Amino acid sequence: MPEGHTIHRLAQDHTERFAGRPVRVSSPQGRFAESAALLDGRHLESAEAHGKHLFLELGDAWIHIHLGLFGKLGFGPAPAPPATDTVRLRLLNPEHWADLRGPTACALIGEAEKKAIHERLGPDPLRPADDPDRAWKRISRSRTTVAALLMDQKVIAGVGNVYRAEVLFRHGIDPYRLGKDLTRGEWDALWADLAVLMREGVRNNRIDTVRDEHLPGAMGRPPRVDDHGGEVYVYRRANMPCHICGTEVRTAGLAARNLFWCPTCQQR
């Protein structure tokens, strides 16, 4: 599932290509056809993200998109290719097209429904106005592990499996520590680091979490070869030596996802 930086990047992509102009809206697949007909020809006023949710504003309504595990959003220059019957939503103007396939959610919603989605989500490190205190209030009294809390979108929005594993490693925090055992200073540092890492993710359109002094060139090690891309410390490096201490990176299931950590660098 795409992490929050990807959705914020998609919001930027929509803004750059479609904002402030009329847009043709269609649903070649047919599952969004009725709503597309209501929106066709309206101006795209704005695009925004909150965690893993994308919102496209067209007049007095919003298209709410959640890609889920299988959703894909692709862009291209006009003219658009013939649409296949897998395209749930197509946006089109004289210069650009965007196709949405396989999302978990693609729905026409109003302001009240949009507000309800925001209210059930935790603060997002990529939304400047979001308050990390909201997350801290839940974390500081929780007996759930820090690793599970970071993946709970009601606690903090946008963090996925990669950022979860990497930010805990960067701060030397054992993923099995309980939320109530985290200090306020540790939480503030985690939040600030997530904001920096995820902003870089938006800018580069990939996740890189390794500090300059630990990059392949600086350490004389080969670069990572993985279809996920980006340099990381522990994510998907199970049974490989830690870049810092050489200890074998461990993996285990937690909250229905694979967790990765270094038992030496991340102490309880």
Side-chain angles (χ1 to χ4, degrees), residues 1-15 45-58 60-73 88-89 100 102-168 175 179-180 182 184 187-202 207 254-257 259:
M1 183 184 298
E3 305 207 17
H5 74 287
T6 299
I7 310 306
H8 281 266
R9 176 65 178 253
L10 290 172
Q12 288 187 8
D13 290 340
H14 278 87
T15 299
E45 305 293 344
S46 69
E48 67 173 280
H50 186 168
K52 301 178 182 182
H53 297 256
L54 176 66
F55 302 93
L56 307 177
E57 182 183 13
L58 292 103
D60 60 353
W62 297 79
I63 301 175
H64 169 228
I65 296 169
H66 190 291
L67 294 179
L69 288 172
F70 305 108
K72 302 288 183 185
L73 249 169
R88 180 82 56 87
L89 170 69
L100 171 67
T104 294
C106 175
L108 180 62
I109 62 173
E111 287 288 346
E113 293 164 293
K114 180 173 181 285
K115 181 181 178 184
I117 295 170
H118 288 299
E119 288 177 345
R120 73 170 185 254
L121 293 172
D124 180 339
L126 288 173
R127 290 169 63 92
D130 280 13
D131 185 1
D133 283 350
R134 284 181 54 212
W136 171 245
K137 288 174 183 176
R138 299 187 65 164
I139 292 168
S140 62
R141 61 176 183 261
S142 177
R143 298 188 64 84
T144 300
T145 64
V146 174
L149 289 166
L150 286 175
M151 291 282 282
D152 187 340
Q153 300 299 298
K154 298 186 297 296
V155 176
I156 176 171
V159 175
N161 208 21
V162 188
Y163 284 121
R164 183 260 299 269
E166 293 296 300
V167 77
L168 289 175
K180 69 181 186 62
L182 202 68
R184 181 57 196 258
W187 167 243
D188 288 341
L190 285 171
W191 175 271
D193 202 23
L194 282 168
V196 171
L197 291 173
M198 294 174 76
R199 279 197 297 269
E200 282 297 292
V202 174
I207 300 177
L254 181 67
R257 304 295 294 276
L259 176 65

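Here the structure is a predicted model, which is why all the values come from computation and not from measurement. This chain uses plain numbering: 1 for the first residue, then up along the sequence.
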Listed partners of Arg134 passing side chain to side chain donor-acceptor pair (under 3.5 Å), at least two apart: none
Residue pair Pro103 / His66, side-chain heavy-atom distance below 4.5 Å: no
Check: Ile65 and Leu10 side chains under 4.5 Å, non-hydrogen atoms: no
Heavy-atom pair of closest approach, residues Gly68 and Pro2: O-CD, 3.4 Å
For Gly122 against Ala157, the heavy-atom pair lying closest together: O-CB, 3.4 Å
Worked check of salt bridge (charged side-chain N to carboxylate O under 4.0 Å, His left out) between Glu119 and Lys114: CA-CA 9 Å; Glu119 288 177 345; Lys114 180 173 181 285; over 6 Å; no
Approximate separation, where rounding is to 0.5 Å, of His5 NE2 and Leu126 CG: 9.5 Å
Heavy-atom side-chain contact between Leu197 and Glu166 under 4.5 Å: no
Short side-chain to backbone donor-acceptor contact, Arg138 and Leu149, under 3.5 Å: no
Side-chain donor/acceptor of Trp187 to backbone N/O of Pro132, under 3.5 Å: yes
Test item: Glu45 side-chain N/O and Leu58 main-chain N/O as donor-acceptor pair under 3.5 Å: no
Side chain proximity check, Ile207 to Tyr163, heavy atoms < 4.5 angstrom: yes
Inter-residue atom distance Leu67.CG - Thr6.OG1, 0.5 Å rounding: 8.5 Å
Side-chain donor or acceptor of Thr15 paired with backbone N/O of Ala11 under 3.5 Å: yes
Side-chain heavy atoms of Ile63 within contact of Cys106, under 4.5 Å: yes
Interatomic spacing from CE in Met1 to CG in Leu69 - rounded to 0.5 Å: 4.5 Å
NE2 on His8 to CG on Leu54, rounded to 0.5 Å: 9.5 Å
Derivation of the side chain to side chain contact (heavy atoms under 4.5 Å, CB included) call for His64 and Glu113: CA-CA 10 Å; His64 169 228; Glu113 293 164 293; over 6 Å; no
Mutual orientation of the aromatic rings belonging to Phe55 and Trp62 [parallel < 30°, tilted 30-60°, perpendicular > 60°]: perpendicular
Evaluation steps, side chain to side chain contact (heavy atoms under 4.5 Å, CB included), between Leu150 and Leu168: CA-CA 10 Å; Leu150 286 175; Leu168 289 175; 3.9 Å; yes
Donor-acceptor pairs are to be reported for all side-chain atoms of residues 141-148 against protein atoms at under 3.5 Å, with residues two or more places apart or in another chain.
unit_1: Arg141; atom_1: NH1; unit_2: Lys137; atom_2: O; d: 2.7
unit_1: Ser142; atom_1: OG; unit_2: Thr144; atom_2: N; d: 3.0
unit_1: Ser142; atom_1: OG; unit_2: Thr144; atom_2: OG1; d: 3.3
unit_1: Thr145; atom_1: OG1; unit_2: Ala148; atom_2: N; d: 3.2

Inter-residue atom distance Ser140.OG - Arg184.CZ, 0.5 Å rounding: 8.0 Å
Test item: Arg9 side-chain N/O and Val202 main-chain N/O as donor-acceptor pair under 3.5 Å: yes
Side chain to side chain contact (heavy atoms under 4.5 Å, CB included) assessment of Leu121 paired with Lys154: CA-CA 5 Å; Leu121 293 172; Lys154 298 186 297 296; over 6 Å; no
Test item: Arg164 side-chain N/O and Pro175 main-chain N/O as donor-acceptor pair under 3.5 Å: no
Close side-chain approach of His118 to His53, heavy-atom, < 4.5 Å: no
4.5 Å side-chain heavy-atom contact, Ile156 and Leu194: yes
Non-hydrogen side-chain atoms of Lys52 and Val159 separated by less than 4.5 Å: no
N/O donor-acceptor pair under 3.5 Å between Asp124 side chain and Gly158 backbone: no
Polar side-chain atom of Glu48 near backbone of Leu56 as donor-acceptor pair, under 3.5 Å: no
